[in-house]
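The structure appears below as structure tokens.
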Amino acid sequence: MARHLITSALPYINGIKHLGNMVGSMLPADVYSRYLRQRGHDVLYICATDEHGTPAELAAKEQGIPVAEFCAQAHDAQKAVYDGFALAFDYFGRSSSEQNVEITQHFARRLNENGFIEERAIRQVYSPADGRFLPDRYVEGTCPHCGYDKARGDQCENCTRVLDPTDLINPRSAISGSTDLEVRETKHLFLLQSKLQHEVEEWVSRHEDDWPQLASSIARKWLNEGLHDRAITRDLDWGVPVPADTWPELAAEGKVFYVWFDAPIEYIGATKEWADLDPENRDWKSWWYDVDTDVRYTEFMAKDNVPFHTVMFPATELGVREPWKKVDYVKAFNWLTYYGGKFSTSQKRGVFTDQALDILPADYWRYFLIANAPESDDSSFTWEHFTATVNKDLADTLGNFVNRVLSFSKKRFGEEVPAGGEPGAAEAKLGEEIARLLAEYEQQMEALQFRKAAAALRALWSAGNSYLEEKAPWLEIKTDKDGAALTLRTAMNLIHLYAVVSEPFIPATSAAMRQAFALPSDTATWISADEARTLTALTPGIPFTVPPVLFAKLTDEDLENYKERFGGQPTV
């Protein structure tokens, strides 16, 4: 079996993330990782909090605590939410780790030795009121491209255009709000991406046909516009320090590396963090350095992160002239909107992940978000859509099937899987249908087509309901008790199959379905086509229990309460 290295975009440290952030990176990566593990692959799923940069400093300043303390608290708070969503990271690290500092500085030294870093004097915004140079995100103003009046000095959140602070109209300090800004000369390190343009183009051309169109088109757009040399240091108190052995003057001035330089390197750093916990049994370099072709590296991210991972980070890796593993497949997502408007961490618009878990358990959200993942285009979250999906797919199609099968069988045959007669034409037909749908589900999961995979999973659940309606054991038992027992035994085997194959989407519910049956040894990690055709995992006499309601149906009152709390339309 192949080895799969999986990373999702690092969630930034300044606050709990919204549902759009969850579905655009971490959740699909988790679903895919779980699926691959079930199929027997060796999987390493790595993520971390992205802790450097100006927003961390600003958030810490607002709370009146040191930035290191703020980041430690925020990391733990985010990790608690991700645990609540049952994200099965192999390791969830921190970009402020010693390991990331070490590897980032190594990359910088190697790039410098190879002639891809240059020290340049630039003119930068200085705030006399704050007594300091202002890094890009410390400057706010109006975007010259779209007119958004809260654009940052590095990127406009509204139109996603990359900016420099001096591009902004009516700039102001994000620290003090002062508009009394000057432009002074200072020195910074620049990554000479222009010298790496041809190499990056060749590398992208070897991969872009395999990537989703969203990822390849964004990478190609950046390359067609030409790669520009980019400053990779900032004037901040918090970040990976410029190494004094290579740039003593800049180190003395307190320069640190730009967050977008060190953050992608943290994928490697976090893997080393993971390995350092058990160095005798874990080898981080076997995943990242001079690796065999059996390692397949897949990245998950929203479209605004694509340029940095398909162009900027590969340029960095190419420039160090060392055999670091580069991404094989970039799974890019569009945006999940809130009633057509943008979710926004900074403006607290939309449903946030901690709020979601306060309302309903994780499996409700996991299924809805993946079933409506913004793959081909932006998709919109509405409470009406969420409620309808929960009720139709989870409560009625899956939950009701499990409850009525087990409840009816317990009432009429006791608390053991009934025996009944031999399978007939209806069971053979069902077996072929389940095998076909399972193959479709596998195909879509292998292709990382999550909405289509969810549709195939939903169809698997629906097939059980169709079989139950066709056989109608509540009527069958009046004339053919053995036939009714067979029907129920077959349906119970379907429940067990659902428990196994639904686990990537709804792990807690899958565990509850599996635990309903007291199998002496239930080690199934997947169901083969032949097993799906015969449905014989549960034999007569195995004890079972009726689990609590798997999914509660949401009422009109629930819908109105959600809309009243969060709004039925985006806040402007």
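Between the side chain of Lys17 and the backbone N or O of Tyr12 there is at least one donor-acceptor pair closer than 3.5 Å. Between the side chain of Thr316 and the main chain of Met312, a donor-acceptor pair closer than 3.5 Å is present. No donor-acceptor pair closer than 3.5 Å links the side chain of Asn14 to the backbone N or O of Pro55. With hydrogens and angles ignored, the 3.5 Å screen pairs no side-chain donor or acceptor of Glu157 with any backbone N or O of Arg152. Looking only at distances, no side-chain donor or acceptor of Arg366 sits under 3.5 Å from a matching main-chain atom of Ile506. With Gln99 contributing its side chain and Ala270 its backbone, the two residues share no donor-acceptor pair below 3.5 Å. Counting only distance, with no hydrogens or angles, the side chain of Asp229 and the backbone of Phe190 share no donor-acceptor pair below 3.5 Å. At distances below 3.5 Å, at least one donor-acceptor pair connects side-chain atoms of Glu375 with backbone N or O atoms of Arg451. Side chain of Arg132 to main chain of Asp235: a donor-acceptor pair is present (N/O by atom type, distance under 3.5 Å, no hydrogens or angles). Distance alone, capped at 3.5 Å, places no donor-acceptor pair between the Lys272 side chain and the Ile103 backbone.
Taking the six-membered ring where the residue is Trp, Trp284 and Trp324 present parallel rings, their angle staying beneath 30° rather than reaching 60°.
In this structure, Leu559 CG and Phe386 CZ are separated by 10.5 Å, a value rounded to the nearest 0.5 Å. Going from atom OG1 of Thr160 over to atom NE2 of His145 covers 10.0 Å, rounded to the nearest 0.5 Å. To the nearest 0.5 angstrom, Leu189 atom CG is 9.0 Å from Lys255 atom NZ. Note that the CD1 atom of Ile13 and the CD atom of Gln73 stand 10.0 Å from one another [nearest 0.5 Å].
Under the salt bridge (Lys or Arg N to Asp or Glu O under 4.0 Å) criterion, Arg565 pairs with no residue, sequence neighbours left out. Qualifying salt bridge (Lys or Arg N to Asp or Glu O under 4.0 Å) partners for Lys392, counting only residues two or more places apart in sequence or in other chains: none. In this view, Asp262 satisfies the salt bridge (Lys or Arg N to Asp or Glu O under 4.0 Å) rule with no residue, not counting sequence neighbours. Asp558 is linked by a salt bridge (Lys or Arg N to Asp or Glu O under 4.0 Å) to nothing, counting only residues two or more places apart in sequence or in another chain.
Between the side chains of Asp393 and Tyr367, at least one donor N or O lies within less than 3.5 Å of an accepting N or O. Side-chain contact, Trp287 with Tyr267: no donor N or O sits under 3.5 Å from an acceptor N or O. Residues Glu102 and His106 bring no donor and acceptor atom of their side chains to less than 3.5 Å of each other. Side-chain contact annotation: Gln355 with His18, donor-acceptor N/O pair under 3.5 Å absent. Asp149 and Thr142 share no donor-acceptor pair across their side chains, judged by distance under 3.5 Å alone. Residues Thr49 and Glu51 have side chains that bring a donor and an acceptor to within less than 3.5 angstrom of each other. Side-chain contact, Gln193 with Gln197: no donor N or O sits under 3.5 Å from an acceptor N or O. A donor and an acceptor atom, one from each side chain of Asp130 and Ser176, are located under 3.5 Å apart.
Taking the six-membered ring for Trp and the full ring otherwise, the centers of Phe308 and Phe313 sit at least 6.0 Å from each other. In this structure, the ring of Phe381 has its center less than 6.0 angstrom from the ring center of Trp383.
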Check against side-chain contact (heavy atoms from CB on, under 4.5 Å), Met26 and Asn21: CA-CA 8 Å; Met26 290 175 286; Asn21 184 280; 3.3 Å; yes
Verdict with reasoning, Trp365 to Phe368, per ring-ring contact (aromatic ring centres under 6.0 Å, His included): CA-CA 5 Å; Trp365 300 102; Phe368 173 82; 7.4 Å; no
Pair Asp154-Val162, side-chain contact (heavy atoms from CB on, under 4.5 Å): steps then yes or no: CA-CA 6 Å; Asp154 64 335; Val162 175; over 6 Å; no
Atom pairs and distances, donor-acceptor, side-chain atoms in residues 299-306, under 3.5 Å, two or more places apart:
residue: Glu299; atom: OE2; partner: Tyr297; partner atom: OH; Å: 2.8
residue: Lys303; atom: NZ; partner: Asn334; partner atom: OD1; Å: 3.4
residue: Lys303; atom: NZ; partner: Asp378; partner atom: OD1; Å: 3.2

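Remark: Lys563 is not positioned above the aromatic ring of Phe566, lacking an NZ or CZ atom under 6.0 angstrom from the ring centre and at most 45 degrees off the axis.
More than 12 heavy atoms of other residues, nucleotides or ligands shown are found within 6.0 angstrom of CZ on Arg120. Counting non-hydrogen atoms of neighbouring residues, nucleotides and ligands closer than 6.0 angstrom, the CD atom of Glu98 reaches no more than 12 such neighbours. Enclosure of atom NZ in Lys326 by more than 12 non-hydrogen atoms of other residues, nucleotides or ligands within 6.0 angstrom is indicated. Other residues, nucleotides and ligands contribute only 12 or fewer heavy atoms inside 6.0 Å of the CG atom of Asp556. Other residues, nucleotides and ligands contribute over 12 non-hydrogen atoms within 6.0 Å of the CD atom of Glu202.
Taking all atoms of both residues into account, the shortest heavy-atom contact from Phe257 to Pro241 is CE1-O, 3.7 Å. Scanning all heavy atoms of the two residues, the minimum distance from Met445 to Tyr32 falls at O-CE1, 3.6 Å. Here the closest heavy-atom approach between residue Ala371 and residue Ala454 is recorded as CA-CB, 3.6 Å.
Identified under the side chain to side chain donor-acceptor pair (under 3.5 Å) test for residues 242-254, with sequence neighbours left out: Arg109-Asp245.
Screening Arg230, Gln124, Arg234, Glu119 against His188 for a side chain to side chain donor-acceptor pair (under 3.5 Å) leaves a single residue, Gln124.
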